[in-house]
Amino acid sequence: MQPTPCSRQRFVVNGRVQGVGFRPFVYRLALDHALSGFVQNTSEGVVIEVQGLEDGIGRFAVDLEKQLPPLAQLTSIQTETLSPHDTPETSFHILSSSGGEGHEVLISPDVATCPECLAELRDPSDPRYQYPFINCTNCGPRYTITRSIPYDRVSTSMACFPLCSRCRAEYEDPLDRRFHAQPNACPHCGPRVWMISATGHAVSDDGPVLAEAARWLARGKILAIKGLGGFHLACLATSETAVARLRQRKHRFGKPLAVMVPDLASAHRIVRINGAEATWLSGIVRPIVVCEKKASTLLAGDIAPDTDSAGVMLPYTPLHHVLLDELRGLLPQGSVPALVMTSGNLSSEPIALGNREARHRLHSIADGFVFHNRDILIRCDDSVVRIHPDTANPVWYRRARGMTPSPVFLPRSGPCVLGTGPALKATLCLTKSDQAFVSQHIGDLENLETYGFYKEIAEHLQHILQVEPQLVVHDLHPDYLSSGFANERPEEVVAVQHHVAHIYSVLAENQCTEPALGLALDGTGLGDDGTLWGGEALHVRPEAASYARLGHFMPVGLPGGEAAILEPWRMARSYLASLGASSPSGRRWPWLDNFAPADGVLGQMLVKGVNVPQTTSCGRLFDAVAGLLGIAERIAYEGQAAIRLEACQDLRVDTGYPCSWIDKEDRCVLNTLELFAAVHRDWQAGEPVGRISRRFHLGLSQGLADWVAALADRSGVRIVGLSGGVFQNITLQRLLVPLLERHGLTVLVHTELPPNDACIALGQAYYGQNLLRCRDVLPQP
Amino acid sequence: MSFPDTVLLDYGSGGKASQRLISELFLKHFDNATLNRLDDAAMLDLSGPLAVSTDSFTVDPLFFPGGDIGSLAIHGTVNDVAMLGARPMYLSCAMIVEEGLPFSTLEAVVRSMAEASRHAGAQIVTGDTKVVPKGAVDKLFINTTGLGLVQTASPPQGDRARPGDAILLTGTMGDHGLTILSQRQGLEFETPVQSDSAALNHMLLDLVESVGEVHVLRDPTRGGLATTLNEIALQSNLGFVIEEKAVPVSDAVRSGCSFLGLDPLYLANEGKAICIVPEDRLDAALACLRSHDEGRQACRVGTVTEDHPGKVVLQTPIGGKRLLDMLEGEQLPRIC
Ligand SMILES: [Fe+3]
Ligand SMILES: [Mg+2]
Ligand SMILES: [Zn+2]
Ligand SMILES: [Zn+2]
């Protein structure tokens with residue numbers, strides 16, 4: 001006899017519940033509690049109906065939230081009590097998905113190979129031994145292989161691989177680890193790898209392809225390897241010549257190259273790793289983690305020549321695991337198997353994703369290609385993070401693979417807004433109720449290819465989220481491609497100033513709706529007065545969608561516009577001109593060796609104001625100091641001058657330079673000129689650069705803290721949000737935050753998005769939501 | 001009769017002083033039968049499709065390496081007419097002079113105009129002069145209007161570019177813009193720069209007649225090559241791919257621009273043309289252009305495509321494709 005059913009309950013669950021083993025989990029849970037009913041993916045979300053004894057349903061409801069599978073994440077559960085069915089189901093069923101509009105279910109980010117799959121991968125008796133595409137519901141590709149929702153095999157690039165009977169059995173068994181694992185595959189039915197030389201010849205070898213690839217790498221060759229979100233360019237990270245050749249061919253000089261090692265033990269041999277770093281390195285997101293290099297590192301010197309740190313990651317796909325295992329076997333005892341794994345692109349283009357595209361674009365860089373036939377549908381670069389040494393918070397440099405499309409949760413629900421982002425390090429952001437979906441890192445919007453990628457992602461995000469923006473928010477700079485993109489759209493469009501967006505972004509991440517001070521320390525962004533901002537103290541009131549510029553750095557010239565950003569010595573020259581120095585006195589300017597003719601013209605430009613826009617940028621102050629100290633004349637990548645300046649600090653010094661502030665009309669100006677003058681005096685006196693750099697960092701931090709505290713007192717605000725690319729400078733964060741807290745201020749920083757321009761789109765979207773809310777509240781004129 | 005040292009308000013009064021200015025300055029230099037009649041209007045006998053263009057010239061300084069406001073006022077208008085495949089024949093000339101301008105300056109400008117129009121083969125047949133009080137204009141403004149007979153049944157026009165067409169330039173970019181900027185600001189470079197101001201009508205007429213099919217002719221004046229190409233791309237609704245390496249820029253302009261942080265592709269030219277011709281006329285077009293002094297450095301710089309309509313793409317030496325946009329205003333840094 002069946003027990004008399006006493007109750008029936010319906011749950012509608014939303015969040016990250018697709019392709020993460022959620023339905024089998026519900027199935028097992030229902031079996032555990034002796035419930036009948038069903039679970040189904042629907043357009044409302046995952047619908048569960050259970051029928052059985054009341055306390056069984058009660059325990060089911062508790063476990064549903066408490067025992068979630070590792071990748072699942074719930075954003076809402078609605079429950080409803082139904083009248084029990086007269087003829088109860090005999091068991092619990094997993095029903096097939098019903099498609100439809102308005103999906104609330106999220107696609108999961110791509111997930112690093114799980115321990116179970118890794119064990120199978122290394123087990124010679126397993127049918128998937130060394131199979132580079134092994135995965136299960138707890139791991140594997142998601143976002144990068146999914147064309148549309150719902151997340152089902154047919155809407156992924158696995159659609160063209162019919163499951164063999166073995167794989168199908170796993171796929172259909174609710175108690176199997178591969179139940180409804182959409183990318184499930186095995187050597188019989190799944191994708192395969194192959195390798196060709198740069199000239200297009202198939203690499204003929206009896207052994208497995210990845211063993212051959214490892215041999216090429218061990219010999220110092222450069223390979224283009226198709227990965228998860230695009231191609232990597234790989235070479236031996238311990239070989240000076242291989243690394244030099246890769247830099248030469250890729251036209252990438254100075255900028256750090258990421259390194260992949262097989263495991264934590266190998267990572268420990270090249271960089272210092274603390275607990276938090278180890279957790280990130282081996283977690284499911286598996287970003288590139290920027291760690292401190294060991295003094296006796298085995299890495300080639302040119303991996304990250306400007307800094308004491310190096311970006312390291314562990315394998316995150318089975319293909320990487322097999323490749324590095326093979327490589328380990330080829331190298332002599334005592335060496336570290338370490339590969340440079342840098343985005344497979346030409347400088348400034350997006351990462352290549354198709355086989356033919358990669359061959360076309362990378363043939364002048366790579367000696368050979370490792371291809372596979374599982375299409376990448378959505379490009380996604382590796383994420384890059386640094387762990388704050390004091391707080392253990394992540395400081396993101398790039399947020400992409402493993403993170404996208406996880407949302408940032410906003411303090412409130414609101415209409416859908418699209419933020420079109422900045423020009424460099426572009427991302428887009430779409431909001432859906434109280435969630436903000438920030439795209440993966442797209443790159444610098446200068447190139448047609450990158451712009452194409454950007455437009456593709458705009459469309460893709462809108463499609464998988466099933467939203468229609470009510471408002472599009474873009475940067476104030478009229479010549480950004482992202483502004484042009486906004487203006488070509490049919491929706492209503494508004495512009496918001498770059499640094500205002502920075503501050504709205506950090507407030508959004510911290511779910512702050514209260515008035516706050518914003519300190520934006522950044523490169524350059526167009527201000528509402530036509531000058532270039534970048535060292536700003538703003539008073540922001542999200543509820544009113546308003547801002548006021550309370551203060552800024554001392555304005556100086558940016559002689560030659562973009563040229564001054566690429567040649568830091570120009571900024572030194574500009575600060576010197578502001579101090580009244582038009583020629584060297586006492587000590588010869590370091591750039592006169594290489595830039596004498598340009599210096600002559602620059603002097604005239606500064607006097608006559610020819611192409612010398614005014615700027616309050618903080619990044620340019622770092623450039624000026626680095627330029628004067630002779631450590632950066634022309635930069636090879638963004639931020640290089642500041643990175644070198646930070647790296648050369650002599651930490652034994654404990655007194656900073658003075659940096660006060662001055663009231664000028666309605667603004668409070670940080671006297672950064674006074675700070676630079678002190679740098680100049682010490683430089684004239686022949687002080688070592690390390691000491692000057694440290695004093696500069698200390699002085700700027702103290703000056704900023706006192707200035708912000710004074711502005712906070714005046715405006716009666718106790719919250720300070722920090723944003724802008726300069727906060728990638730860990731020294732400044734470490735010095736400034738405690739000083740602000742000592743003034744009794746609550747400090748908000750970015751922990752979900754990079755503080756650089758990758759966060760602009762979120763700020764624009766949050767600003768837009770607030771703007772629409774204000775309109776609803778205030779009567780329209 | 002001699003003139004005082006500077007131009008007085010009286011010269012624009014319509015009285016005797018004006019008369020003297022007209023006969024002893026303008027008629028003397030511009031000398032031609034139509035103008036000499038001094039009727040209220042010039043009588044012209046033209047038939048067929050006409051090309052008309054007008055332009056006002058306000059350049060500062062008035063004299064610069066490679067030209068002056070007078071020759072510029074002729075070249076600018078003559079070139080605009082020629083861009084329609086027309087033979088510029090007649091010109092008007094209206095001057096607004098600031099009181100106190102040295103008379104010698106005015107005469108030098110008029111002399112230069114006369115010479116430029118003679119060289120271009122176009123007569124100045126009507127004109128006007130106003131003298132305004134000090135400060136009402138800056139020294140001297142000139143307006144010219146040009147009139148020409150279109151010489152071809154299918155005149156070059158901005159919407160006639162076709163996919164596969166070759167894009168040509170008749171010479172180096174940025175010379176005029178950089179020269180004016182550096183002269184105005186008194187900047188000195190190691191290697192001096194010079195304006196390219198020149199009349200292109202003889203060369204372009206030869207091109208239209210000898211090559212037959214010329215789809216587009218346009219002079220990249222204000223806003224430079226980048227802006228002008230964008231205008232044409234929009235008019236034709238086609239994409240333009242420009243090979244960055246192929247765009248000729250003189251060493252002096254290149255180094256001057258690198259010092260100033262300016263992009264020569266956005267700087268004005270006054271003696272250059274963009275020519276868009278079918279691929280199979282490319283060699284003929286280049287041979288024709290290069291046989292003229294103004295076109296010695298003519299070269300192909302790009303191709304018209306169906307991809308990315310309305311956009312101009314710069315193919316960079318390392319293989320990237322940069323979008324060469326029309327700017328909202330001046331060149332403001334976009335990098336952060
Ligand atoms: Fe920024
Ligand atoms: Mg005109
Ligand atoms: Zn797994
Ligand atoms: Zn199979």
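Chain naming here is simple, since letters A, B, ... match the order of the sequence lines and numbering starts at 1 in each.
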Q: Check whether A:Leu445 gets within reach of chain B through its side chain, its backbone, both or neither, counting any heavy atom under 4.5 Å.
A: neither

Q: Side chain from CB out, backbone as N, CA, C, O: work out which of these in A:Ala598 comes under 4.5 Å of a heavy atom of chain B, or both, or neither.
A: both

Q: Report the option among A:Ser364, A:Gly560, A:Ala563 that has the most heavy-atom pairs separated by less than 4.5 Å from atoms of chain B.
A: A:Gly560

**Q.** Electrostatic pair A:Arg573:A:Glu567 at N-O distance under 4.0 angstrom
**A.** no

Q.
Let me confirm one number: the SG-CD1 distance from A:Cys759 to A:Ile503, rounded to the nearest 0.5 Å.
A. 8.5 Å

Q) Residues in salt bridge (Lys or Arg N to Asp or Glu O under 4.0 Å) with B:Asp325, at least two apart? A) none

Q) Which residues from residues 166-195 of chain B are near chain A, with near meaning under 4.5 Å between non-hydrogen atoms? A) B:Leu181, B:Gln185, B:Gly186, B:Leu187, B:Glu188, B:Phe189, B:Glu190

Q: Report yes if some heavy atom in the side chain of B:Ile242 is under 4.5 Å from a heavy atom in the side chain of B:Gln315; otherwise report no.
A: no

Q.
Which label fits A:His498 and A:His502: parallel for a plane angle under 30°, tilted from 30 to 60°, or perpendicular past 60°?
A. perpendicular

Q: Quick one: which of A:Pro422, A:Gly484, A:Pro597 has the most heavy-atom pairs under 4.5 Å with chain B, could you say?
A: A:Pro597

Q: With a 4.5 angstrom heavy-atom cut-off, could you sort out which part of A:Tyr451 is near chain B: side chain, backbone, both or neither?
A: side chain

Q. Ion pair present between A:Glu449 and A:Arg361, side-chain N to carboxylate O less than 4.0 angstrom?
A. no

Q: Measure the shortest side-chain to side-chain distance between B:Pro156 and B:Met83 over non-hydrogen atoms and say whether it is less than 4.5 angstrom.
A: no

Q. Are any non-hydrogen side-chain atoms of B:Val214 and B:Ile276 less than 4.5 angstrom apart?
A. no

